[in-house]
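What follows is a single structure, written as structure tokens, with notes after it.
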Amino acid sequence: MPGVKTAGRIVVLLGAPGVGKGTQGIRLGRELGWAHVSTGDLLRAARRDGSVLGLEARKYMDAGKLVPDGVMVDLVREHLAGLGSGRGVVFDGFPRTVQQAEALDRALAPEREVSAAALLDAPEAVLFKRISGRRSSPGGRVYNVYFDPPRRDGVCDETGEPLIHRTDDQPDTVHTRLAVYREATAPLIGYYEAKGLLVRVDAEGDIDQVYAGLRAAVADRKPAADRAATGS
Ligand code: AMP
């Protein structure tokens with residue numbers, strides 16, 4: 001059928017920092033057999049490798065600011081090229097600006113397009129506590145001083161090692177990250193709503209409830225061109 005896009009679906013996860021895009025995106029990718037692309041993870045890997053990109057990104061990330069659009073678009077375009085077009089993709093943390101969303105649309109065309117943008121929604125006060133309360137052990141065990149505290153302040157229950165409070169999880173930086181979300185990223189809600197692609201998912205409940213809402217909202221959606229062609 002002319003105009004029908006048969007390649008793998010593309011789902012974008014939208015939502016403020018701390019809303020659970022990473023947890024939900026990994027699970028959605030695993031259960032659907034799709035690639036999970038987290039630009040935060042790609043940048044953290046670049047930092048660990050000590051690459052030029054990693055060094056450049058570091059100052060923005062530690063301050064809770066966005067890495068410039070040009071850098072992000074090149075990174076994602078390169079990553080997408082390596083994935084092949086048959087596979088679905090869950091984007092987590094990209095796009096984060098309208099410019100990035102437009103660049104993603106251009107990078108996907110003409111074979112593919114975004115099939116849904118799922119907005120994970122939770123009150124900002126909850127998100128602030130989720131992120132600023134996070135502490136992790138060097139081995140990767142994660143606590144939260146508000147919701148899941150260690151038995152002794154600042155010490156891992158399992159290993160006795162001191163817990164780490166990441167630079168970008170410090171309260172001032174969290175305020176910046178939430179403000180950046182409101183100013184630069186929240187306009188994407190209108191961007192995808194205007195295209196008829198936005199689905200809202202309540203992200204305040206437990207992980208399984210949120211996942212059930214997300215799965216139901218996105219999995220069966222088809223790209224707009226298919227919907228137009230089939231009338232569904
Ligand atoms: P995340 O793990 O998605 O919260 O990303 C961590 C940090 O990486 C963000 O606070 C930004 O500094 C940077 N980052 C990740 N994705 C993007 C993006 N799409 N555009 C700009 N900066 C990004």
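Atoms considered below: every heavy atom in the structure, side chains included; atoms not considered: hydrogens, waters and symmetry mates.
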Report task. Output, in order, the C-alpha distance, side-chain angles, deciding distance and verdict of ring pair (Phe, Tyr, Trp, His ring centres under 6.0 Å) for His175 and Phe128. Result -> CA-CA 8 Å; His175 280 303; Phe128 182 81; 4.6 Å; yes
Requested in this report: Look up atom CG in Leu104 and atom CZ in Phe94, then write down how far apart they are to the nearest 0.5 Å.
Outcome: 5.5 Å
Query raised in the report: Any side-chain heavy atom of Ser137 within less than 4.5 Å of one from Ile164?
Result: no
Report all side-chain donor-acceptor pairs from residues 49-58 shorter than 3.5 Å, counting only partners two or more places apart or in another chain.
| from | atom 1 | to | atom 2 | distance (Å) |
| --- | --- | --- | --- | --- |
| Ser51 | OG | Ala46 | O | 3.3 |
| Ser51 | OG | Gly54 | N | 3.1 |
| Glu56 | OE1 | Lys59 | NZ | 3.4 |

Query - Distance under 6.0 Å and angle within 45° of ring axis: Arg27 vs Tyr211 - result: yes
Query raised in the report: Which pair of non-hydrogen atoms, one from Trp34 and one from Val11, has the smallest distance, and what is that distance?
Result: CZ3-CG2, 3.5 Å
Query raised in the report: Is there a chain of hydrophobic side chains (I, L, V, M, F, W, Y, each step under 4.5 Å between heavy atoms) that links Leu120 to Val90?
Result: yes
Report task. Give the intermediate values and the outcome of side chain to side chain contact (heavy atoms under 4.5 Å, CB included) for residues Leu13 and Leu214. Result -> CA-CA 10 Å; Leu13 298 185; Leu214 174 65; 3.9 Å; yes
**Report entry** 4.5 Å side-chain heavy-atom contact, Ile207 and Gln24
**Finding:** yes
Query raised in the report: Mind checking whether Val126 and Val174 sit in one hydrophobic cluster, side chains of I, L, V, M, F, W, Y counted as touching below 4.5 Å?
Result: no
Query - Donor-acceptor under 3.5 Å (Arg135 side chain, Ser132 main chain) - result: yes
Query raised in the report: With sequence neighbours excluded, what pairs up with Thr173 under the side chain to side chain contact (heavy atoms under 4.5 Å, CB included) test?
Result: Asp168, Gln170, Arg177
**Report entry** Spacing of CG belonging to Asp69 relative to CD belonging to Gln99, to within rounding of 0.5 Å
**Finding:** 5.5 Å
Report task. Could you please spell out the steps behind the side chain to side chain contact (heavy atoms under 4.5 Å, CB included) verdict for Leu28 and Arg215? Result -> CA-CA 7 Å; Leu28 190 65; Arg215 179 82 170 75; 4.0 Å; yes
**Report entry** Trace of the salt bridge (Lys or Arg N to Asp or Glu O under 4.0 Å) decision for Arg134 with Asp169
**Finding:** CA-CA 7 Å; Arg134 200 151 58 190; Asp169 290 346; 3.2 Å; yes
Query raised in the report: With a distance cut-off below 6.0 Å to the six-membered ring centre and an angular limit of 45° from the axis, does Lys129 pair with Tyr146 as a cation-pi contact?
Result: yes
Query raised in the report: So which heavy atom on Leu127 is nearest to which on Ala122, and how close?
Result: CD1-O, 3.8 Å
Report summary line: What one should report as the nearest heavy-atom pair of Arg130 and Gly18 is NH1-O, 2.9 Å
Query raised in the report: side chain to side chain contact (heavy atoms under 4.5 Å, CB included) with Tyr143: which of Ser136, Pro149, Cys156?
Result: Cys156
Report task. Flag the pair Thr176 / Asp172 as yes when at least one side-chain heavy-atom distance between them is below 4.5 Å, and no otherwise. Result -> no
Report summary line: All heavy atoms of Val201 vs all of Ala217, minimum pair found to be CG2-CB, 4.2 Å
**Report entry** Interatomic spacing from CD in Gln100 to CE in Met72 - rounded to 0.5 Å
**Finding:** 6.0 Å
Requested in this report: Please step through side chain to side chain contact (heavy atoms under 4.5 Å, CB included) for the pair Val155 and Leu163, ending with a clear verdict.
Outcome: CA-CA 5 Å; Val155 177; Leu163 297 176; 5.6 Å; no
Requested in this report: Calculate, to the nearest 0.5 Å, the distance between atoms CG and OG1 belonging to Asp92 and Thr39 respectively.
Outcome: 7.0 Å
Query raised in the report: Looking only at heavy atoms, what is the nearest atom pair of Gly15 and Lys21, with distance?
Result: O-NZ, 2.9 Å
Report task. Kindly indicate whether the side chain of Leu198, heavy atoms from C-beta on, has any atom under 4.5 Å from the side chain of Leu14. Result -> yes
**Report entry** Val76 side chain near Phe91 side chain, heavy-atom distance below 4.5 Å
**Finding:** yes
Requested in this report: Verify the distance criterion only: is there a donor paired with an acceptor across the side chains of Asp62 and Thr167 at less than 3.5 Å?
Outcome: no
Query raised in the report: Do Val37 and Leu42 come within less than 4.5 Å of each other through their side chains, counting heavy atoms only?
Result: yes
Query - Linked, directly or transitively: Val218 and Ile26 (ILVMFWY side chains, under 4.5 Å) - result: no
Query raised in the report: So how far is it from Arg96 CZ to Tyr181 OH, rounded to the nearest 0.5 Å?
Result: 10.0 Å
Query raised in the report: Should Arg200 and Glu193 be marked as a salt bridge (Lys or Arg N to Asp or Glu O under 4.0 Å) after you check the CA-CA gap, both sets of side-chain angles, and the distance that decides it?
Result: CA-CA 10 Å; Arg200 288 174 194 268; Glu193 205 160 32; 3.5 Å; yes
Report task. Specify the closest pair of heavy atoms between Tyr191 and Ala101, including all atoms of both residues, with the distance to one decimal. Result -> CE2-CB, 3.5 Å
Query raised in the report: Heavy-atom distance under 4.5 Å between the side chains of Leu43 and Met61, does that happen here?
Result: yes
Requested in this report: Evaluate the side chain to side chain contact (heavy atoms under 4.5 Å, CB included) criterion for residues Val114 and Tyr192: first the C-alpha distance (whole Å), next the side-chain angles of each, then the deciding distance (0.1 Å), finally the verdict.
Outcome: CA-CA 9 Å; Val114 173; Tyr192 286 115; 4.1 Å; yes
**Report entry** Within-4.5 Å side-chain heavy-atom neighbours: Thr185 and Thr97
**Finding:** no
